[in-house]
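Numbers restart at 1 for each chain; the letters A, B, ... are given by sequence-line order, proteins then strands.
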Amino acid sequence: MMMQEATMPEPPRGTPQLRRALMPTRRRRLILLTTSVLFGGLGSVTLPRSIATAAGMPIVLVLALLAGFSALWSP
Amino acid sequence: MVGTILPIGHGERQQGRFAISPWFHAFGAVGGAALLGSLLGALGAMLPLPILSTSRSVEMLVATGLVGLLYSLRELALAPVPAPQFQRQVPAKWRLLLRPQIAALLYGLGLGIGVATRITVTTFYIVAFWALLGGSPARGALTMAAFGLGRALPVVGLGRWLRTGAETLRFVQAANGWEAVVHLINGVVLGFASTYLLILGLSLH
């Protein structure tokens with residue numbers, strides 16, 4: 001059992017522009033996280049209670065699908 | 001894994017047969033993940049919840065939300081949150097020793113279970129945590145089966161698109177360069193989803 005270190009290396013020279021744009025700096029990653037957190041909070045408080053509650057499980061299922069898809073990048 | 005399963009399918013195709021191994025892999029992945037989910041659900045049923053509130057659902061939402069927020073920091077490489085995991089891989093020799101379909105099924109089963117091999121993104125922990133706290137084997141199985149499905153469907157899809165070993169190798173090499181983007185997407189989605197669950201739980205309290 002090992003602890004995997006979190007790393008997001010700077011894009012190397014010659015990285016295509018699109019991929020470079022998708023590998024933002026620390027400051028931009030922080031802004032991205034803040035934005036997503038704000039939208040998550042807003043979504044939770046603005047939706048009618050019944051819909052917000054019902055959406056809990058589908059949201060986790062989407063996370064599960066994303067986790068599974070991301071496993072394509074496992075060695 | 002694409003580089004291991006798809007060549008099995010290529011072999012079947014070269015022999016003029018339908019490439020069924022990726023489907024065996026998918027079946028194993030969904031089954032293995034559902035098995036893990038049901039075990040987690042059964043284990044969770046033994047937890048003495050609720051502890052702090054009157055509802056298990058509220059504690060599930062709040063706890064999953066908090067852990068998810070922590071792991072979104074990790075996915076975005078903003079904080080070194082620990083992610084305990086095994087560094088093992090499924091044995092490559094199965095491909096040589098076993099019948100193709102059996103090997104593909106076992107690879108799917110081993111990877112679908114998820115916890116015994118390297119965990120690529122910490123989104124997996126959130127899903128597993130949700131399955132655990134739910135305290136229901138059926139709900140746990142459904143939740144984790146989605147992980148297995150997400151893991152297996154791209155392999156099946158790519159199997160139809162990448163027809164040779166050379167094409168598969170090129171794809172694997174190209175995909176490797178996008179790993180940081182995968183973590184970025186996971187971080188952003190985790191940030192959104194975790195806050196949603198956390199605030200929902202707090203509002204239901």
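Ranking A:V62, A:L42, A:L63, A:L61 against chain B, the residue ahead of the rest is A:L63, based on heavy-atom pairs under 4.5 Å. In terms of heavy-atom pairs under 4.5 angstrom with chain B, the leader among A:T53, A:V45, A:T34 is A:T53.
The CG atom of B:L198 sits 8.5 Å away from the OG atom of A:S44 when rounded to the nearest 0.5 Å. Rounding to the nearest 0.5 angstrom, the gap separating the CG atom in B:N186 from the CZ atom in A:F69 is 10.0 Å. One finds the CG atom of A:L32 at 6.0 Å from the CG atom of B:L184 (value rounded to the nearest 0.5 Å). Rounded to the nearest 0.5 Å, atoms OG1 (A:T46) and CD1 (B:I199) are 11.5 Å apart. For the atom pair CD1 of B:I126 and CG of A:L66, the computed distance is 12.0 Å after rounding to the nearest 0.5 Å. Atoms OH and CZ, on B:Y196 and A:F39 in that order, are 15.0 Å from each other to the nearest 0.5 Å.
A:S70 and B:T120 get closest at one heavy-atom pair: O-CG2, 3.5 Å.
For A:T35, no part sits under 4.5 Å from any heavy atom of chain B, backbone or side chain. Heavy atoms closer than 4.5 Å to chain B are found nowhere in A:L38, neither backbone nor side chain.
Side-chain contact between B:R151 and A:L72 is absent, with no heavy-atom pair separated by less than 4.5 Å. Residues A:M57 and B:W130 have side chains in contact (heavy-atom distance under 4.5 Å, counting atoms from C-beta outward). Contact annotation: the side chain of A:R49 approaches that of B:L204 to within less than 4.5 Å [non-hydrogen atoms, C-beta and beyond].
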